[in-house]
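Read the structure below first, then the notes.
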Number of protein chains: 2
Amino acid sequence: MNESRPITLQDVARAAGVSKTTVSDALSGRGRLPAATRERVAAIARELGYVANRSARNLRGGRTGAIGLYFPARTIGLEYYMDLAIGAAEEALAHDLALTLIPAPADPGRTPPPHIDGVMVSDPVLGDPMLGTLTDLRVPVVTCERDLTPGARHAGRVESDHRAGTRTLLDHLSGRGDHIALLCPGEETSFGLDIRTAYRAWCADNGREALVYDVPFVCDPEDVNHAVAEALRAPGGVGAIVSVPDGGATSAVHAALQQGRHVPADLLVASYVDSPSLRGLATPITAVDIAPREMGRRAARLLAGILAGHVAPGTVEILPTELMIRASTSH
Amino acid sequence: MNESRPITLQDVARAAGVSKTTVSDALSGRGRLPAATRERVAAIARELGYVANRSARNLRGGRTGAIGLYFPARTIGLEYYMDLAIGAAEEALAHDLALTLIPAPADPGRTPPPHIDGVMVSDPVLGDPMLGTLTDLRVPVVTCERDLTPGARHAGRVESDHRAGTRTLLDHLSGRGDHIALLCPGEETSFGLDIRTAYRAWCADNGREALVYDVPFVCDPEDVNHAVAEALRAPGGVGAIVSVPDGGATSAVHAALQQGRHVPADLLVASYVDSPSLRGLATPITAVDIAPREMGRRAARLLAGILAGHVAPGTVEILPTELMIRASTSH
DNA sequence: CCACATTGGCGGAACGTTCCTTCAACCCTA
DNA sequence: TAGGGTTGAAGGAACGTTCCGCCAATGTGG
């Protein structure tokens, strides 16, 4: 029953008959030590089960050893963000950083600032007061997607190429000559903004009328029903519907059915955000894979690189998207 | 441009004309100080924007200031776990603890142990090697649901009353006299085990045949299709299907439709795990709300209490479930 | 054989907190 | 007024690490 305190550098030093400086240098690769000494000390450390105390290391180094991940409140519950968080945690771990989850504060006024070396914001939403709070921490901020706040400048950014994704999806749907309706969240995120912009541009280029219907970011079936009903009444006829939000497309299929339209025979339906639940349907729904896991990984890697000093602040990475064609648009 | 180092206790002490001990005592409520001094020091600290350095505090106190949350790999992507994580993060923050996400290790052998004071395991899976790794950290472990590993004893546990939830759901579905099929994940989690057990007991009590079909924890529509087809062929007739996994029920509805059965006129379908996507359907699906957010909160609170010493190790909390009746079972 | 550079390693300060010990000043009572 | 108890506050060690500066021993060239 070895109920003893944890092994410290000092313990290893004693066991190895050297000073704690030597142990520290040997294990970290710093200092001027012959390989023989390094190996000997490392072997003893391993044998004793030494594991460095992070608090001490962090105190000495003036860091916290953690990076944060913030989700705006409205995004909670979407599978997308779960995947992103896991990707970020994996990558952070690989860089010897802990991933701390930062919930949207119930009390927007005073919430204790987290103790972190940097923070990732997944899908900054225009007007979210938490953005200011995080910026005030004076630590590097990496955003997933762009922050539309005027004048906002962050240490780094990873963004999906939603304009290309939108064009690819629309090209895929353009087989029928009639209009394509877009059910899309608003322009308070670059996600919504880019999709809308690309959609309008595509419509202009292809001589189609742009039919945009507002739906909230987190899908409410009532709104989808309403938007679908309205879209199907559009003059000129609608041959395809793109529902952007995660989960909206299933509602759109049902709403269309209620309007007497069959998918895909009668009407094409696609989602923009892909999710496992779209694959599981009797008629699986075409969607754009925006690779949340990879997004989380990239953001964490970028932030870790900035913190370590070998990535220039201001770096922007673009993540490609991939169209997943399924039965709901096969024609 | 105040590009200075952070304010320390010493800085506050100088500004207030007292010692750092006095500042520490004043801010923490310890020591013997008159209220006047406490307030004066606190005011100065606030004015200077003092915020305690966690690394130093943790080093001194021998803690890490963080608790971990581990999800087994198979659970990734489910909305349930996202909600649970957010709940846990909120509650941890309220106890001045950071919530560190622990991903399932890609390399099951050697992964650097996280630096945490305690850990929550959401849905321990029998045979997961990570359970042993976490136990070896010698920090309190709180599980969400029971750990079925023989001899496993943890510091605390929060569990949903799935047996009651199952009975309530079955009672609700029992209006029709014919059989109720259960699509359920295996018995490697207490979740699957309890639902199966309760189901069998209920069937025995109510003179119905038990029809259990294995489906994986993360829903694969093919498996659901197969299971539904098989269930509907069962002699004696099936009047209702309960699909346990998150997301399985939508596949079940479609599979049933393909077999020529209509929901709810012809067949009742319910999910066990509730999720927003079940509400969004043309025919919303009845489910049991197992309150993931609250589960996360409770687990974090329990762990924080154990760490603080005012909750006895071994405490078990039971979380009630609530049946959400929707159109898919209205009869 | 001396001057000097290099190698290998050690001592100790510093990071910012908490907490144990000490101590001066004060008040009361005998 | 001496003695003891209480109050208010300070000093300093300790937590475990990193890293700067120093030093002894060893090589190296003239």
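Chain letters run A, B, ... following the sequence lines, proteins first and then strands; every chain starts at 1.
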If you find the nucleotide of DNA chain C closest to A:K20 and the one closest to A:P34, which residue's nucleotide is nearer the 5' end?
->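 Closer to the 5' end of DNA chain C: A:P34.
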Euclidean distance, atom [atom1] of residue [X] to atom [atom2] of [N] [Å, nearest integer]:
| X | N | atom1 | atom2 | answer |
| --- | --- | --- | --- | --- |
| B:Q10 | D:dA10 | CD | P | 11 Å |
| A:N58 | D:dC19 | CG | P | 13 Å |
| B:N53 | C:dA14 | CG | P | 17 Å |
| B:D11 | C:dC15 | CG | C1' | 13 Å |
| A:R30 | C:dT7 | CZ | C1' | 19 Å |
| A:L27 | D:dT17 | CG | P | 10 Å |
| A:L9 | C:dC10 | CG | C1' | 14 Å |
| B:R38 | D:dG8 | CZ | P | 10 Å |

- Closest non-hydrogen atom pair, A:P124 against A:R146: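 That would be CG-O, 3.5 Å.
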- With nearest nucleotides of DNA chain D determined for A:S24 and A:R32 from heavy-atom distances, which residue corresponds to the more 5′ nucleotide?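 It is A:S24 whose nearest nucleotide is closer to the 5' end.
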ask   = Of A:D25 and B:T37, whose nearest nucleotide on DNA chain D comes first from the 5' end?
value =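 By nearest-heavy-atom nucleotide position, the 5'-most residue is B:T37.
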- Item | Candidate list A:H95, A:E317, A:E91, test side chain to side chain donor-acceptor pair (under 3.5 Å), partner A:R301, passing option |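 Option passing the side chain to side chain donor-acceptor pair (under 3.5 Å) with A:R301: A:E91.
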query: Can you find an N or O donor on one side and an acceptor on the other, under 3.5 Å apart, linking the side chain of B:T21 with the base of D:dG11?
result: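 Looking at the base of D:dG11, it does pair with a donor or acceptor on the side chain of B:T21 (distance under 3.5 Å).
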Under 3.5 Å, is there any donor-acceptor pair linking the side chain of A:S55 to the base of D:dC15?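 Side chain to base: no pair below 3.5 Å.
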Phosphate OP1/OP2 of [N] contacted by [X] side-chain N/O (<4.0 Å):
| X | N | result |
| --- | --- | --- |
| B:T22 | D:dA9 | no |
| B:R57 | C:dG16 | no |
| A:R60 | D:dG16 | no |

- Task: For B:R54, report the nucleic acid contact type (base, sugar-phosphate, nothing); a contact means any heavy atom under 4.0 Å.
- Result: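 It contacts nothing in the nucleic acid.
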Check your understanding: Do A:Y80 and A:D123 have a side chain donor and acceptor closer than 3.5 Å?
Key ->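 Side chains of A:Y80 and A:D123: no pair found under 3.5 Å.
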For this session: Measure the CD1-CZ distance between A:I102 and A:F71 for me, rounded to the nearest 0.5 Å.
Result: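 Taking CD1 in A:I102 and CZ in A:F71, the distance rounds to 10.5 Å.
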Just one of B:V12, B:T8, B:I7 clears the side chain to side chain contact (heavy atoms under 4.5 Å, CB included) bar with B:Q10, so which one?
->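 The side chain to side chain contact (heavy atoms under 4.5 Å, CB included) with B:Q10 is passed solely by B:T8 among B:V12, B:T8, B:I7.
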